[in-house]
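Have a look at the structure below, then the notes.
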Amino acid sequence: GKLVVTYGKGLAELPAAVPIAAPRLELTADASWLVTGGLSGFGLRTAEWLAERGARNLVLVGRRAAESLEIRSALARLERQGVRVLARARDVTDRAALSSLLEEIARELPPLRGVVHAAMVVDDGLVRDMSAEQIRRVLAPKIAGAYLLHELTRDLPIDYFVMYSSATALFGNPGQGNYVAANCALAALARARRAEGLPATCVHWGAIGDVGFLARNQKLKEALQSRMGGAALGSATALDALEAMLLANRSDLGVLEFQWRALARSLPSAGSPKFSELAREGGAESAEESAGFDWRQLMAELPPEEFEKRLVELLKAEIGEILRTGADKIDETLSLHDMGMDSLMGVELAVALENRFGVRPPVLLLSEAPTVAKMGGWLSAQLRSGVRDDGRDGVRAQVEKVASQHAPEVSAAEIERFAGQLDSSATSNRRMIH
């Protein structure tokens, strides 16, 4: 029932495929480029890449002057290549300072034809704990800086207006609400510019491993790689992707390596329709699969003590992954605080438990920094009782416990009112995280 096709005289010799050279961005030498955040890290590496692509007039702006030996050496290399470099310390949120800089460029250099806005500040924390100054410190350089550049250059013959965003704008990131908001604003500005017919390219970078913030913070880089399930990008690979975006006139794209299964475990909104295609392509796991066992079946088959032991082993594995250490090194008798878990790590643990089991630890339980054994007991009790609510009973129980120890005169009505306030706060915080 099969057909066989053969060639009696053999196959004619096929011509060898001629490789097609990848298109390359060619920048004109009689133009200037402005790079904010260009005196350090990925911004400085971008400036070097612009020179490799033909730029011969670069204006590099940073919060501080080019003082370090490393930066001065990089600027000297550029000048030896025939690149004219103006290094300036400027506050990109200061309109007068930026206007003065643009006037200097107009007097001293060829016309400004390209802008790369790479300035950034990172100051992490839970949304509920952030001060107004902490939020402003992160939003100002990205948002105010980008909008001032947009306003002050809109009448200039700009060919490229590039803004460096982050992949956190695509997925969110607990503990970086201010940073995520700033990056989302850059994407919105890019869309607004393109709607007006102005050039704009917003690129959402994943982790860049060989230069910049992560190159100086190895532990954080390893933690991000573990959470994302992929390696940090090299700057050369990242800039190749930027080149492709500029040649194709694309914007609002993410450039990162990740594995969906790994990312979804720490992503509160992983189950939303927004990520359904990624989940299909990435082979999304069910909660039981990701936990490594079917807890409902085990709960039915094992005695309560054995089931609780299995939950403790799972918690040790989760906490070990958060702390970037082996599960065998987690002492179930030590408090989470003594093991080095902070509030952001507590959020990550709460998200993992909610994703796996559909239960969320109450705020007071995590704030008391319980032992792993205590967490296992709480989780076992929740699963056995079938509780799937928002933790209100747990909050009330904790309030009653504290009141009995420190304020026995407090009435039951007061306990109920305070528990309700705490529960509302927890729910609000959960919405912010999502």
Side-chain angles (χ1 to χ4, degrees), residues 24-94 97-120 141-142 145-146 148-150 152-154 156-165 186 199-203 205 208 210-213 215 235-236 238-247:
R24 181 182 172 91
L25 186 67
E26 299 291 345
L27 302 178
T28 179
D30 59 349
S32 300
W33 278 76
L34 170 63
V35 183
T36 68
L39 290 176
S40 62
F42 192 38
L44 180 56
R45 178 66 190 93
T46 300
E48 294 172 329
W49 174 77
L50 291 171
E52 293 167 6
R53 294 299 182 267
R56 287 296 175 266
N57 301 277
L58 299 176
V59 182
L60 309 183
V61 177
R63 282 175 288 171
R64 291 176 292 274
E67 298 174 347
S68 73
L69 177 60
E70 180 183 1
I71 295 174
R72 291 202 303 270
S73 298
L75 299 185
R77 286 196 304 271
L78 287 170
E79 289 173 345
R80 286 195 297 270
Q81 298 170 28
V83 180
R84 184 177 181 183
V85 179
L86 293 184
R88 298 290 184 263
R90 293 287 189 276
D91 179 357
V92 296
T93 68
D94 185 333
L98 276 184
S99 294
S100 173
L101 179 63
L102 291 173
E103 290 171 1
E104 181 182 6
I105 294 172
R107 287 194 311 269
E108 305 293 336
L109 297 174
L112 183 67
R113 302 295 293 270
V115 173
V116 177
H117 182 45
M120 60 169 286
K142 277 188 174 283
L148 285 176
L149 288 168
H150 159 67
L152 295 173
T153 65
R154 65 182 305 148
L156 299 179
I158 298 293
D159 294 325
Y160 301 100
F161 191 97
V162 182
M163 292 176 285
Y164 281 4
S165 176
L186 295 187
T201 301
C202 181
V203 54
W205 295 117
I208 308 294
D210 58 342
V211 293
F213 185 73
S235 56
L239 291 168
D240 285 345
L242 174 60
E243 182 172 36
M245 289 179 64
L246 293 176
L247 290 169

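Just so it is clear, the values below take in all heavy atoms, side chains as well, and ignore hydrogens, waters and symmetry mates. By convention here, the first residue in the shown sequence is residue 1.
Nearest heavy atom pair, residue Ala119 against residue Val92, reads CB-CG2, 4.3 Å. When all heavy atoms of Leu60 and Gly38 are compared, the closest pair comes out as CD1-O, 3.6 Å. Taking every heavy atom of both residues into account, Ala55 and Val83 meet most closely at O-CG2, 3.8 Å. Closest heavy-atom contact between Glu243 and Arg53: OE2-NE, 2.8 Å. Minimum heavy-atom separation, Ser32 to Pro110: OG-O, 2.8 Å. The minimum heavy-atom distance linking Tyr164 with Lys142 is given by the pair O-NZ, 2.8 Å.
Aromatic ring orientation, Trp33 versus Tyr160: parallel (interplanar angle below 30°, classes split at 30° and 60°). Classification of the Trp205-Phe42 ring pair by plane angle, with boundaries at 30° and 60°, yields perpendicular.
Taking the side chain as every heavy atom from C-beta outward, Asp159 and Pro199 never approach each other to under 4.5 Å. Looking at heavy atoms from C-beta onward, Arg84 lies out of side-chain contact with Arg56 at the 4.5 angstrom threshold. The side-chain heavy atoms of Leu112 and Val59, taken from C-beta on, include no pair separated by under 4.5 Å. Annotation: side chain of Leu101 is in contact with side chain of Leu34 (closest heavy-atom distance under 4.5 Å).
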What do the steps show when you test Glu70 against Arg45 for salt bridge (Lys or Arg N to Asp or Glu O under 4.0 Å), and what is the final call?
CA-CA 12 Å; Glu70 180 183 1; Arg45 178 66 190 93; over 6 Å; no
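Note that the OG1 atom of Thr36 and the CG atom of Asp91 stand 11.5 Å from one another [nearest 0.5 Å]. With values rounded to the nearest 0.5 angstrom, Leu39 atom CG is found 7.0 Å from Leu44 atom CG. Between atom CG of residue Leu25 and atom CG of residue Leu242 there is a gap of 8.0 Å, rounded to the nearest 0.5 Å. Considering CZ of Arg88 and CG of Leu98, their distance stands at 13.5 Å, rounded to 0.5 Å. Between Leu109 atom CG and Glu104 atom CD the span is 7.5 Å, to the nearest 0.5 Å. Taking CG of Leu156 as the reference point, atom CZ of Arg154 lies at 11.0 Å (rounded to 0.5 Å).
Electrostatic pairing of Glu79 and Arg72 does not count as a salt bridge here, judged by no charged N lying under 4.0 Å from a carboxylate O.
Asn57 contributes a side-chain N or O that, together with a main-chain N or O of Ala31, makes up a donor-acceptor pair within less than 3.5 Å. No side-chain donor-acceptor contact under 3.5 Å links Arg63 to the backbone of Arg90. In this structure, the side chain of Thr93 does not engage the main chain of Pro141 through any donor-acceptor pair within 3.5 Å. The backbone N or O of Val203 lies less than 3.5 Å from no partner atom in the side chain of Ser165, so there is not a single donor-acceptor pair. His117 places no side-chain N or O within 3.5 Å of a backbone atom of Phe161 that could act as its donor or acceptor partner.
Within 6.0 Å of the CZ atom in Arg64, the count of heavy atoms belonging to other residues, nucleotides or ligands does not exceed 12.
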